[in-house]
Amino acid sequence: MSNTAQVRNSPADISRRRFIAGTGSILGAAALTGHASARAEAVPAAAPIATGSHVPVLVIGTGYGGSVAALRLAQAGVDVHMIEMGMAWDTPGSDGKIFCNTREPDYRSYWLRTRTKAPLNYFLGFPIDRDIPRYTGILDAEDFAGITVYQGRGVGGGSLVNGGMAVTPRRENFGAVLPSVNADEMYGTYYPRANAELGVGTVDPAWFDSTACYQYARVGRKHAQRSGFPFVFVPDVYDWDYMKQEAAGTVTRSALAGEILYGNNHGKKSLQQTYLARARSTGRVAISPLHKVTSVAPATGGGYTVVIDQISTGGGTTATKTVTADRVFFAAGSVGTSKLLVRLKATGALPALNDEIGRGWGDNGNVMCGRANHMWDPTGALQSAIPCCGIDNWSAGGAFAEVAPLPTGIETYASFYLSITNNPNRARFSWNAATGRVDLDWQAAWKQPSITMAKTIFDKINSREGTIYRTDLFGVYKIWGDHLTYHPLGGAVLNRATDNYGRLTGHPGLYVIDGSLIPGNTSVNPFVTITALAERNIEKIIATDL
Ligand code: FAE
């Protein structure tokens, strides 16, 4: 039930109505004037893989797991070829920029869609999606029956589109995150290694207290603390010194210009700047963008035959290549790896995979909501798109809420949150022979536990502050953003579908090394755990298998 009816004449309601009157026309106009930008063809990176070639190691995907594997294997003297279905994202478009802005999504924004599918798809009750040319854009909004799963597409995977929030789970929660993994090793060695390689840092608290661009976060802190919730700063891979210069007006703005979801042109240390740069500098790592793996099967004489479609920026197949590899690492992300393995098992290409393949998938309990503040609590027209803090109510209420930005460029009086919750529901991927697709049996109603957990925070804050939920951000009178996840996890769970280091059962030389190893929830944002687990597993694999 919404609080709106109970507090209809509250100051918050008045401030909201004034805000709507003042800004509705601006946003309405923005929503209605969507236009299609000219297309820019991608320039492929040097030497894409050739049909008939043989490689010692082939890595499917260039996100966190794949990048860790490539760097460490190359440092151990092994040649690696990485196959990436998305673009290289190293060439500016006609506007001189590699990535487009959240306020003006163009052909670069979405993966093979003709209309944007913004996670926050309404404002003031108006839909804000717009038509775009179909193109191999950076953000995939992949629809399953009960949920839309957002994923990064391109060299760098999710690091290209994510908020960079680099969070190590609290140690007391780790046993539930990865039950078969030694916590001492993770917290003593692999989490520190991952954080160092990713370039993780925390906002300067003194600057946080004074800068206009985090007023929204300070309002979030005030409200959390007044309701008795622990407030925490959250580390990030964004370059905090660069952000200070953005605020001072001495460099080109990125986080302070609303860039995030469709890529950051400056400031963000994506995998292209960290693991992948170091991997490439070994001279042993090659990457083929706009190449999609469609099959992996045992080759006669040992190793694996890998079939790869080369695709155009319109999504069509321009060539089909067959290569062989001694070893193959599945690093296509939770959804990508699960879909491949489920199909390859069901169609007989990898018959010895076990029945755990496709199981144990979770959404990391993601749910979003907004609150309408009083007029004396403005959240600021200038908002850094990089979140830097959260409300930790995990142990008491099962929710960890990021204080998230709404970087619209205008004052909204809104507080916005992405909550990670301890949702127990797990879904399964399965092969649908009739459609030739892999289905996921997640049900929309399975988000209810997440809403209940998030409400342990926001009902209390609303009650304390005399405020209400926003109802205009996810539809017409809809409070909860419960139709999506940014954090797919599971589908090839560690120590079930694989051994305790990611080796797939039944097929020696095949490994999983991405978010599909994690059984559905990390209690915080997942990429540091994905990276640290990959560091742990590849160390063991190099020591014992190669
Ligand atoms: P991922 O990074 O998804 O990489 C997989 C790669 O494989 C992709 O580049 C795919 O294009 C590619 N691929 C897939 N199938 C194929 C195929 N058949 N052939 C060739 N290539 C293929 O996997 N996490 C955080 O910790 N903090 C955040 O602040 C945060 N914010 C997020 C915001 C958004 C909008 C999104 C979408 C995600 C966010 N995440 C965040 C989640 C995080 O990015 C995600 O957990 C990791 O990227 C997953 O890493 P993987 O290595 O599993």
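The first residue of the sequence shown is numbered 1, and numbering continues consecutively from there. All values below were derived from every heavy atom in this structure, side-chain atoms included, with hydrogens, water molecules and symmetry-related copies excluded. Just follow the structure's listing: the first ligand is 1, and inside any ligand the first atom is 1.
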Colleague: To which protein heavy atom is atom 37 (C) of ligand 1 closest, and what is the distance rounded to 0.1 Å?
Modeller: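 Looking only at protein heavy atoms, the one closest to atom 37 (C) of ligand 1 is Y150 O, 3.4 Å.
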Colleague: Tell me whether R72 is salt-bridged to E535, with the criterion being a basic N under 4.0 Å from an acidic carboxylate O.
Modeller: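 Yes, R72 and E535 are salt-bridged.
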Colleague: Quick one: does ligand 1 sit under 4.0 Å from the side chain of H291, the backbone, both or neither, non-hydrogen atoms only?
Modeller: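 For H291, only backbone atoms sit under 4.0 Å from ligand 1.
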Colleague: Restricting to ring-ring contact (aromatic ring centres under 6.0 Å, His included), what partner residues turn up for Y304, sequence neighbours left out?
Modeller: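 Testing Y304 for ring-ring contact (aromatic ring centres under 6.0 Å, His included), a comparison that skips the adjacent residues, returns none.
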Colleague: Check this for me: does any side-chain nitrogen of one of E356 and K345 sit under 4.0 Å from a carboxylate oxygen of the other?
Modeller: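 A salt bridge is absent here (no side-chain N lies under 4.0 Å from a carboxylate O).
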Colleague: Any protein heavy-atom neighbour for atom 45 (C) of ligand 1 (distance below 4.0 angstrom)?
Modeller: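 Protein heavy atom within 4.0 Å of atom 45 (C) of ligand 1: absent.
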Colleague: Starting from atom 21 (N) of ligand 1, what is the nearest protein heavy atom, named by residue and atom, and what distance separates them?
Modeller: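 Minimum-distance protein heavy atom for atom 21 (N) of ligand 1 reads M85 N, 3.1 Å.
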Colleague: May I ask whether K339 places a heavy atom under 4.0 Å from ligand 1?
Modeller: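 Distance cut 4.0 Å: K339 fails for ligand 1.
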Colleague: With sequence neighbours excluded, tell me which residues meet ring-ring contact (aromatic ring centres under 6.0 Å, His included) with Y64.
Modeller: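 Only F527 meet the ring-ring contact (aromatic ring centres under 6.0 Å, His included) criterion with Y64.
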Colleague: Which option wins on minimum heavy-atom distance to atom 2 (O) of ligand 1: G158, G164, S288, A69?
Modeller: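 Nearest heavy atom to atom 2 (O) of ligand 1 lies in G158.
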Colleague: Specify the protein heavy atom at minimum distance from atom 49 (C) of ligand 1: its residue, its atom name, and the distance to 0.1 Å.
Modeller: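 I find the closest protein heavy atom is I530 CD1, 3.6 Å.
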Colleague: Which heavy atom of the protein is the closest neighbour of atom 29 (O) of ligand 1, given with residue, atom name and distance?
Modeller: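 Ranking protein heavy atoms by distance from atom 29 (O) of ligand 1, first comes M165 N, 2.9 Å.
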Colleague: Considering only the protein, which heavy-atom contact is closest to atom 39 (C) of ligand 1, and what is its distance?
Modeller: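 Of every protein heavy atom, N162 CB, 3.3 Å lies nearest to atom 39 (C) of ligand 1.
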Colleague: Please report which non-hydrogen protein atom sits nearest to atom 38 (C) of ligand 1, along with the residue it belongs to and the distance in Å to one decimal place.
Modeller: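 Going atom by atom, the protein heavy atom closest to atom 38 (C) of ligand 1 ends up being Y486 O, 3.2 Å.
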Colleague: Would you mind checking which non-hydrogen protein atom is closest to atom 11 (O) of ligand 1, with the distance to 0.1 Å?
Modeller: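 Checking every protein heavy atom, the shortest distance to atom 11 (O) of ligand 1 gives E84 OE2, 2.7 Å.
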